[in-house]
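Computed from a prediction, not measured in an experiment: that's the story for all the values here. All chains are named by letter (A, B, ...) in the order of the sequence lines, taking the proteins before the strands, and each is independently numbered beginning at 1.
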Protein chains: 2
Amino acid sequence: MSASEHEDIRRIELFSQMADDNFKSLMRGAYVQNFPAQIELITEGEPSDFLHIVISGSVDLFSAWNGRDTSMATVRPISTFILAATIKDAPYLMSARTLEKSRIALIPSQDVRAIFDIDSNFARTIVTELAQCYRSAIKAQKDLKLRTSLERLANYLLRHQRHAGGGAAFELDFEKRRLASVLGMTPENLSRAFKGLQPYGVIVRGTRITINNQADLEHFAKPNPLIDNFST
Amino acid sequence: MSASEHEDIRRIELFSQMADDNFKSLMRGAYVQNFPAQIELITEGEPSDFLHIVISGSVDLFSAWNGRDTSMATVRPISTFILAATIKDAPYLMSARTLEKSRIALIPSQDVRAIFDIDSNFARTIVTELAQCYRSAIKAQKDLKLRTSLERLANYLLRHQRHAGGGAAFELDFEKRRLASVLGMTPENLSRAFKGLQPYGVIVRGTRITINNQADLEHFAKPNPLIDNFST
DNA sequence: GCCTAGCATTGACTTTTATCAATTTATAGG
DNA sequence: CCTATAAATTGATAAAAGTCAATGCTAGGC
């Protein structure tokens, strides 16, 4: 792992507050690997041997049951995944695969747990992180249970627009088939949902979205910070 | 609060590992109140001033958006709720109401955060608890995204049967309308879903459920520990 | 620049789920 | 024990979402 990568990881919220020695100790046991696209990094049900950190590229967290599967989240640099399983020493609940060529750091779970026990600042940050993860999961559950797929798409677009800087036009950051899966619908249904948002001024050309009537779309979507604001 | 209540709370996983002084200090700031049924204890969006502990009775966590609402979970004695909001000092994501006459302990959130900072055993348990909560939320999300309502009901029955001791006959522990909401469907649809499970040997008489053909139902439900096992 | 594989879209249709209205059944007070 | 009230069920219908099949589009490999 390069020194600049160390720096990058150190700057992640999760590792920013811990003692220097402990961080170094964590990094000593860690190793970094480059993976091509579409590689399954972990499989749900397996023991959680490593905490993963995406350094570059992107990773899809997904889950399967009875022949169906669904995308749960996308992890982008620089952030960790599978923290809860690592901490609990419990099996992964989701599988992970690279979406593109990616560089991933792996920290042995037992090291994370050991440092957790001796570094209270680290423990503090882990708590904050887990609380955040939990709240995001609750928001996702509310999104699924309280909204139709059309409403979920509308709110997704507004969130993503904001994330992309707030302009009327922006690019989707992943394939539509995966967006459909993330939103809990089929690709066909997503296609029709985009059509269904045309009356509210949404224009789609490939991955480029233009929101022509912000007020109309917001009136339909009724975004709510208790569902759509990922930072609180 | 009575001495025996102190004992009961002390025995909760969350408080079992902390230093005695710190526990006493937490309890000093706490107070206990009796509430009648159907009282809204907290409202989503409000600041999280207290960590709540259900001592007796039961509490429904629910959420509303755009005129709809949905039950997210039921809290039964003795356990806490709204831990993540307390820790993050963030607004509640869910509202809570008593389902019956209930006795609730309230611990000021700032006290919890203060003790958290000085008691590493307490911090350790909070992390475990939050990781658990997060994983439960992920399981709920998988349940919603990967299964039809009939499958969710079938798996719910199997989980509940297990929880009730494993016998072929058992009682539902809450009203059907709320079960419907928890499972993400309408009461009408739940009624029909019960009918739809008849071919698999499920018999419903009021709140009493009998599973006549365990193997058949399990074959249909395909329960999976990564969705249905709440303890890992 | 062309070809090809995979993604996206569209149409026709089915299944699943929700909604509305009408009964029936259960339940808690008086 | 009766009655008022809410819950549960049922039927009819509508809306939402999924499936299947065909076609259009597009980006990467040669």
Pair A:Q161-A:Q214, side chain to side chain donor-acceptor pair (under 3.5 Å): steps then yes or no
CA-CA 10 Å; A:Q161 177 194 32; A:Q214 189 77 22; 2.8 Å; yes

Centre of A:F62's six-membered ring, under 6.0 Å away, within 45 degrees of the axis: is that where NZ or CZ of A:R97 sits?
yes

Would A:K176 pass as a cation-pi partner of A:F194, given that its NZ or CZ must be under 6.0 Å from the six-membered ring centre and within 45 degrees of the axis?
yes

Taking [atom1] from [X] and [atom2] from [N], how many angstroms apart are they, rounded to a whole number?
X      : N     : atom1 : atom2 : result
B:L190 : D:dT9 : CG    : P     : 7 Å
B:L197 : D:dT9 : CG    : P     : 13 Å
B:R205 : D:dT9 : CZ    : P     : 13 Å
A:R208 : C:dA8 : CZ    : C1'   : 19 Å

Set of residues satisfying ring pair (Phe, Tyr, Trp, His ring centres under 6.0 Å) with respect to [X], sequence neighbours excluded:
X      : result
A:Y200 : A:F220
B:Y92  : none
B:Y156 : B:H160

Stepwise salt bridge (charged side-chain N to carboxylate O under 4.0 Å, His left out) check, B:R10 with B:E5
CA-CA 8 Å; B:R10 184 68 157 129; B:E5 279 172 348; over 6 Å; no

Mind checking side-chain contact (heavy atoms from CB on, under 4.5 Å) for [X] and listing every partner two or more places apart, or none if nothing turns up?
X      : result
A:S79  : A:V75
A:A37  : none
B:S136 : B:Q132

I'd like a table of atom pairs between the protein and nucleotides 28-30 of chain C - only N or O on both sides, under 3.5 Å - with the distance next to each one.
none

Its contact letters, B for base, S for sugar-phosphate only and - for none at protein heavy atoms under 4.0 Å, make nucleotides 16-23 of chain C read -SSBB---

Write out all pairs satisfying side chain to side chain donor-acceptor pair (under 3.5 Å) with one or both partners inside residues 219-229 of chain A, taking only residues at least two apart or from two chains.
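The answer is A:R147-A:D228, A:R159-A:D228, A:N229-A:S231.
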
Could you go through residues 204-211 of chain B and list every donor-acceptor pair under 3.5 Å that involves a side-chain atom there, pairing it with any protein atom two or more places apart or in another chain?
{"residue": "B:T207", "atom": "OG1", "partner": "B:E171", "partner atom": "OE1", "Å": "2.7"}
{"residue": "B:R208", "atom": "NH1", "partner": "B:E171", "partner atom": "OE2", "Å": "2.8"}

Could you list all N or O pairs between the protein and nucleotides 27-30 of chain D that sit under 3.5 Å apart?
none

Set out, in order, the CA-CA distance, both residues' side-chain angles and the distance that settles side chain to side chain donor-acceptor pair (under 3.5 Å) for A:S109 and A:D49, then state yes or no.
CA-CA 5 Å; A:S109 292; A:D49 296 328; over 6 Å; no

Nucleic acid contacts - residues 170-183 of chain A versus DNA chain C, non-hydrogen atoms under 4.0 Å:
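Contacts with DNA chain C under 4.0 Å: A:E175, A:K176, A:R177.
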
